[in-house]
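Here the structure is laid out as structure tokens; the discussion comes afterwards.
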Amino acid sequence: MSYFSEIYRGFKTLINGFRVTHKYFINARKEIVTVQYPEERPVIFDRFKGEVIMPHDENNEHACTGCQACEIACPNGSIEIIWDRVLNEETGKKKKTIDKHIYHLSMCTMCSQCIEACPTGAIIWGQEFEHSVTDRSELTKVLNNPGSKVRADVED
Amino acid sequence: MDYEAQIKKNQFRTEEYKINMGPQHPATHGVLRLNLTIDGEIIKRVEPDLGYIHRGIEKMCEYDSYPQIIHLTDRMDYLSSHNNNEAVALAIEKALEIEVSDRVKYIRTIVGELTRLASHQLWWGVMGMDLGALTSYFYGFRDREVINDIFEETCGARLTMNYSIPGGIRYDIHKNFVQRVKDFIVHFRSKLPEYDQLLTGNIIFEKRMKGVGILSKEDAISYGVSGPVARASGVKSDIRKIKPYSAFAVQDIDFKEPIYTEGDAYSRYKVRIDEMWESMRIIEQLVDNIPEGNIKEPTKAVIKLPKGEFYQRVETARGELGVYINSDGKKSPYRMKFRSPGFSNLSALEDMAVGSKLGDLVAMMATLDLVVPDIDR
Ligand code: SF4
Ligand code: SF4
């Protein structure tokens with residue numbers, strides 16, 4: 001007897017499950033949760049940690065003094081700073097200036113240590129998430145624009 | 001001579017042989033390799049073979065400063081990354097004798113419970129898929145996505161959140177956080193019964209789960225299993241009850257610890273479904289009264305722990321995570337050890353599996369909820 005009652009229960013539970021799936025099948029247009037990705041863009045939140053970027057203002061100036069705090073704070077060695085002491089004409093003193101702020105995106109674990117260590121707020125999180133490239137050397141980025149210089153009001 | 005007579009003449013007998021399950025098997029959820037000795041369909045021995053995803057996290061910790069350690073723990077049990085962060089942060093705070101504000105405690109607990117929910121949703125979806133029901137995968141991920149959006153808005157990442165730091169939390173909660181969490185609870189309270197409708201009562205599912213992979217209470221204790229696996233065998237093991245931390249120590253939160261005594265795959269499944277209801281109750285009690293306060297206690301620029309040993313336990317989605325720090329007073333630990341729940345839970349697999357069919361092994365592994373990077377750090 002239990003054989004037949006199990007067959008009956010099998011059908012009953014099957015229909016029970018179909019009730020859920022068919023509810024969504026019929027109301028498919030109302031409750032769409034997927035995004036047609038390349039055409040529709042997902043919403044990216046402001047705090048999203050996509051990559052480290054260095055914002056520049058309209059005069060092509062940034063806030064990085066070359067203090068290397070971010071380089072020391074990084075647990076993975078993702079940041080390399082190439083710097084030099086350049087003579088400042090106004091004061092006549094030599095001042096530490098960055099040449100290149102090199103950022104290896106491929107080694108970055110998005111841990112925020114560099115951004116919290118930076119005393120001048122020169123680097124921030126960018127929201128870019130499409131990082132796929134065809135060659136891994138493209139993941140090594142120079143964050144300061146060519147020809148850029150440090151903003152005059154930034155003290156180190 | 002006909003076939004049957006031929007078998008009789010040749011004394012047809014069976015022989016044991018070895019096969020590999022994994023490291024690239026879709027049902028092992030990562031690079032876990034099981035050396036199986038089987039006799040026909042019957043399992044004789046199970047030998048887990050680890051090492052395919054060993055990154056040496058404990059050794060890396062010895063070279064990193066304490067704030068840098070936090071982001072490594074995200075990569076252990078990536079499905080309960082916030083609980084891992086919290087455990088390390090609590091251990092460091094214990095050593096430095098910092099008392100964080102109630103606001104931090106509440107936020108940590110809410111995010112921790114959301115992590116548990118997200119982990120169980122993923123487990124539910126993937127477990128259904130392991131047993132051949134692909135539908136559950138989409139339903140689990142649909143609801144998990146809502147939590148991931150909450151995390152992304154507040155913590156900045158969807159999986160490896162890196163949110164708790166020694167002395168507090170990295171950012172204050174986003175202004176939409178409370179509303180989004182409330183919306184999620186309303187949403188998920190209406191969707192969780194669907195999970196039951198789809199799988200729990202289904203006769204095929206029950207036949208594959210009931211009486212499969214039985215772990216007795218004595219074995220559960222002696223293997224040191226924890227979390228839902230222990231609770232399904234009747235062992236009370238919830239750290240949130242035994243040794244309350246964060247908001248559990250501040251407010252008397254009303255929640256039950258689901259206990260089943262059968263110890264089979266089906267009761268492990270039921271424990272996790274019940275835990276989802278309980279997590280929602282915990283969040284509901286906390287989310288409306290997050291107190292004001294500092295989100296970060298001041299710490300020294302270079303954190304140095306005093307000499308000594310420090311241990312902290314938390315309850316992650318998989319069970320008890322223990323963090324052991326042995327400090328010699330420098331800026332990085334002398335030795336760091338994680339007692340991960342997955343490792344002990346995996347050790348009980350052989351005991352469950354011997355004598356059962358090969359197909360049931362997948363059901364057992366699915367209900368153990370293994371995350372291989374957690375087992376093999
Ligand atoms: S986010 Fe972390 S890993 Fe990435 S560059 Fe900054 S410090 Fe290094
Ligand atoms: S980015 Fe910030 S921390 Fe790094 S060198 Fe520049 S100023 Fe210093």
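Bear in mind the structure is a predicted one, so any value in this text is a computation, not a measurement. In what follows, every chain begins at residue 1, and chains take the letters A, B, ... in the order their sequences are listed.
The backbone N or O of B:Ile57 sits nowhere less than 3.5 Å from a side-chain atom of B:Arg75 that would complete a donor-acceptor pair. B:Arg208 places a side-chain N or O within 3.5 Å of a backbone atom of B:Gly359 that can act as its donor or acceptor partner.
At a 4.5 Å heavy-atom cutoff, A:Asp46 makes no contact with chain B through either its backbone or its side chain. With a 4.5 angstrom heavy-atom cutoff, B:Asp149 touches chain A via backbone and side-chain atoms both. Contacts of A:Gln127 with chain B are absent, with no heavy-atom separation under 4.5 Å from either backbone or side chain. Residue B:Phe138 does not touch chain A at all, counting heavy-atom pairs closer than 4.5 Å. Of the atoms belonging to B:Ser65, not a single heavy atom falls under 4.5 Å from chain A. Heavy atoms of A:Lys23 lying under 4.5 Å from chain B belong exclusively to its side chain. Of the two parts of A:Ile72, only the backbone, made up of N, CA, C and O, holds a non-hydrogen atom closer than 4.5 Å to a non-hydrogen atom of chain B.
Options A:Phe48, A:Phe45, A:Trp125 differ in how many heavy-atom pairs under 4.5 Å they form with chain B, and the most are formed by A:Phe45. When each of A:Met110, A:Lys12, A:Gln113 is checked for heavy-atom pairs under 4.5 Å with chain B, A:Gln113 comes out on top. Annotation: maximal heavy-atom pairing with chain B below 4.5 Å, among A:Ala73, A:Gly17, A:Pro75, occurs at A:Pro75. For the set A:Asn16, A:Ile44, A:Leu14, the entry with the most heavy-atom pairs within less than 4.5 Å of chain B is A:Asn16. Among B:Met60, B:Glu145, B:His174, the residue with the largest count of heavy-atom pairs under 4.5 Å with chain A is B:His174.
Judged by distance alone, the side chains of B:Asn162 and A:Ser112 never bring a donor and an acceptor atom under 3.5 Å apart. Side-chain N/O atoms of B:Asp183 and B:Gln179 include a donor and acceptor closer than 3.5 Å.
With ring centers used as reference points, A:Phe18 lies 6.0 Å or more from A:Phe25.
A side-chain contact (heavy atoms from CB on, under 4.5 Å) with A:His101 is found for exactly one of A:Ile79, A:Val52, A:Ile82, A:Val142, namely A:Ile79.
Judged by the 6.0 Å and 45° rule, B:Lys210 forms a cation-pi pair with B:Tyr266.
Between B:Trp124 and B:Ser136, the closest heavy-atom pair is CZ3-O, 3.3 Å.
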